[in-house]
Amino acid sequence: MSEAETRPREARRGREARRAARASRSALAAVPYITRHIPVTELLTEEGLATLEANAETLMQDVGVEFRNHPRAHALLKAAGCSIDGDRVRFPKGLARELIKTAPSVYTQTARNPARSVQIGGDATVFAPVYGPPFVHDIDQGRRYGTIEDFRNFVKLAYLSPALHHSGGTVCEPVDVPVNKRHLDMIYAHMTLSDKPFMGSVTHGERAADTVAMCKILFGTDDLPTVTTSLINADSPMVWDGSMLGAAEIYAQNNQACIITPFIMAGAMSPVTIAGTLTQVIAEVLSGISFLQLVRPGAPCIFGTFVATLSMQSGAPTFGSPEGAMATLGAAQLARRYNLPFRSGGSLTASKVADAQSAYESAQTLLPTLHAGTNFVLHAAGWLEGGLASSYEKFVMDCDQLGAMHVLAKGIDMGESAQAMEAYQQVAPGGHFLGSDHTKAHFETAFYRSQLADNGSFEQWKAEGERDMLVRANERWKAMLAAYEAPALDPGVDEALRAFVAQRKASMPDASH
């Protein structure tokens, strides 16, 4: 390749680096969360909500929910009035409804940078990145197992993305670190590479305890405010396992928030109908939150749900379906009925690459998520392959769409200037508004500007190398990482965190589970 042939590419890289630097600066001034000014969509009538609640109460009383390998849960629930038969816990009608009343409807998750603290609940929406994939994907290397370097990269990208308000949790699984020690590296990365709020480890009670201990070092106090919001998944249908319960108990004891989430593939892990699935969602969520309120009344909890539909032909999960949208909208109504913050949604797709399928499915998940009034949106950026892969390109593509959701959530501006009556005084019928004073005053902020979409002419696109969205996204995430600068952290705090991580790693042999 000649030097002349490399110049357009080098010029593009220069432009991308400058854009990334601007994105980095704007991230520091971004709003900490969305305050919605648009109404929520409600599909269920009051009669429908009451029917679902009554069905769930019957399910909890007659069938029950299993709390496995956690005697403490059995003792607390029995003392509260539940009947216990082995691991099976049955709730008298009305008991769970009463127990969850102590959970706050709104709470604040405090970030180490107070300007980035987020409100969870009410009219707030918080976007957090992809969570949990063992694989990562980019168009240079394809699909591969995630590493701690990939994990750190995604934390950096989340920090640099103004439309993301949260650093998230397991943004990918770093399989090159022993499974019993990797939580220490992951939490340390969230604490040091970003100053946005983050999630804690939930795979074991001891790992939750390590998270709390590191938070005490980071925030310099044993009396922690709520500084983590962590994901506690039910083993649907109708089971809570000891590992998740142990982690949830540690967090509740320390006033840290838990997202109590049924993880459901409808048709396999719940009935094939949306009404049946929502009945199960209520039973699983209310039983889990009841336990945490018995551990510590007032412990912050989120009414969570993750519902994907299954292909009845292949058994494969599908995303972006109308049934998935209805499940999200219905579950959000139920969360409001119980006066609890709500988590669901994201930018979900079953596609193996960031293609048209992934765009359609992600959009059909994200839009209902916003219109549902979702408070905490996990998997908002980077989700690929049904959650098996974290994609670099899709991460920045999704963030571009999250920026559009910021604008949509503002609603229609009805201020005096927005009514634009003075523009009509200046522009005669048959004229145009491009040169009017009103347009000049507003053109910089008039419409959402995508950082990735190509809106130029065909000739311009061809001259610049016929780059499609994937290529542009690839250039963008690389430029963002090249422009990354870590947020300041007290050296003494960093030293203490490093010492804690080293001590904990030295205290146990490597393990694979």
Side-chain angles (χ1 to χ4, degrees), residues 22-23 26-27 29-45 105-106 115 118-128 161-166 320 322 324-326 328-333 335-336 341-347 359-360 362-377 380-381 397-455:
R22 289 196 296 271
S26 65
V31 295
Y33 55 88
I34 290 175
T35 301
R36 297 186 311 277
H37 296 283
I38 56 175
V40 296
T41 300
E42 298 196 332
L43 297 185
L44 292 164
T45 64
S105 59
V106 178
V118 293
Q119 176 183 309
I120 308 294
D123 57 3
T125 291
V126 172
F127 289 139
S161 300
L164 281 172
H165 316 108
H166 205 280
M326 288 188 284
T328 296
L329 293 163
Q333 277 187 265
R336 287 190 290 274
F342 178 63
R343 170 260 160 158
S344 192
S347 300
Y360 286 131
S362 294
Q364 291 299 327
T365 308
L366 185 59
L367 282 166
T369 297
L370 186 68
H371 288 298
T374 307
N375 301 117
F376 192 95
V377 183
M397 291 163 67
D398 288 339
C399 284
D400 197 55
Q401 290 303 296
L402 297 180
M405 296 302 102
H406 276 244
V407 177
L408 178 59
K410 291 179 181 177
I412 297 175
D413 182 358
M414 288 301 297
E416 183 176 352
S417 180
Q419 294 175 43
M421 295 307 294
E422 68 270 27
Y424 290 104
Q425 300 299 320
Q426 191 174 21
V427 180
H432 68 79
F433 291 84
L434 285 175
S436 72
D437 292 340
H438 184 269
T439 299
K440 291 176 182 177
H442 292 276
F443 81 96
E444 288 188 335
T445 58
F447 307 115
Y448 176 66
R449 296 187 190 182
S450 168
Q451 297 294 312
L452 288 173
D454 187 330
N455 300 310

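Just the heavy atoms: all of them, side chains too, but no hydrogens, waters or symmetry mates, feed the values below.
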Going by side chain to side chain donor-acceptor pair (under 3.5 Å), name the residues that satisfy it together with Ser417, two or more places apart in sequence or in a different chain. His442
Looking only at non-hydrogen atoms, find the nearest pair between [X] and [Y] and report the distance.
{"X": "Pro368", "Y": "Leu329", "answer": "O-CD2, 3.8 Å"}
{"X": "Ser105", "Y": "Pro341", "answer": "O-CG, 3.3 Å"}
{"X": "His166", "Y": "Ala128", "answer": "CB-CB, 3.7 Å"}
{"X": "Thr439", "Y": "Phe433", "answer": "OG1-O, 2.5 Å"}

Qualifying residues under salt bridge (Lys or Arg N to Asp or Glu O under 4.0 Å), relative to Arg336, sequence neighbours excluded: Glu42
Would you indicate whether the side-chain heavy atoms of [Y] and [X] approach each other to under 4.5 Å?
{"X": "Ile38", "Y": "Leu370", "result": "yes"}
{"X": "Val118", "Y": "Phe127", "result": "no"}
{"X": "His165", "Y": "Ile34", "result": "yes"}
{"X": "Met326", "Y": "Leu44", "result": "no"}
{"X": "Thr365", "Y": "Thr328", "result": "no"}

Between Arg449 and Asn455, does a side chain to side chain contact (heavy atoms under 4.5 Å, CB included) hold up when you go through it step by step? CA-CA 10 Å; Arg449 296 187 190 182; Asn455 300 310; over 6 Å; no
After noting the C-alpha distance and the side-chain angles of Thr125 and Thr369, does the key distance pass the side chain to side chain contact (heavy atoms under 4.5 Å, CB included) rule? CA-CA 10 Å; Thr125 291; Thr369 297; over 6 Å; no
Would you please name every residue forming a side chain to side chain contact (heavy atoms under 4.5 Å, CB included) with Ala163, sequence neighbours left out?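 Counting only residues at least two positions away or on another chain, Ala163 forms a side chain to side chain contact (heavy atoms under 4.5 Å, CB included) with Leu402, His406.
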Under the side chain to side chain contact (heavy atoms under 4.5 Å, CB included) rule, collect the residues that match up with Ala124, sequence neighbours excluded. Tyr33, Gln119
Could you give the distance from CG (Leu367) to OG (Ser362), rounded to the nearest 0.5 Å?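 Between Leu367 CG and Ser362 OG, I get 10.5 Å after rounding to 0.5 Å.
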Looking only at atom types and distance, does a side-chain atom of Ser347 sit under 3.5 Å from a main-chain N or O of Ala380, one as donor and one as acceptor? yes
Using atom types as modelled and distance alone, determine if a side-chain donor or acceptor of Gln333 lies under 3.5 Å from a backbone N or O of Leu43. yes
Could you please spell out the steps behind the side chain to side chain contact (heavy atoms under 4.5 Å, CB included) verdict for His37 and Ile412? CA-CA 8 Å; His37 296 283; Ile412 297 175; over 6 Å; no
Side-chain donor-acceptor pairs of residues 419-430 under 3.5 Å, sequence neighbours excluded:
{"from": "Gln419", "atom 1": "NE2", "to": "Met414", "atom 2": "O", "distance (Å)": "3.1"}
{"from": "Gln426", "atom 1": "OE1", "to": "Asp437", "atom 2": "N", "distance (Å)": "2.9"}
{"from": "Gln426", "atom 1": "NE2", "to": "Asp437", "atom 2": "OD2", "distance (Å)": "3.3"}

The criterion is ring-ring contact (aromatic ring centres under 6.0 Å, His included); which residues satisfy it with Tyr360, sequence neighbours excluded? none
Would you please test Arg36 and Asn375 for side chain to side chain contact (heavy atoms under 4.5 Å, CB included) and show each step? CA-CA 10 Å; Arg36 297 186 311 277; Asn375 301 117; 3.9 Å; yes
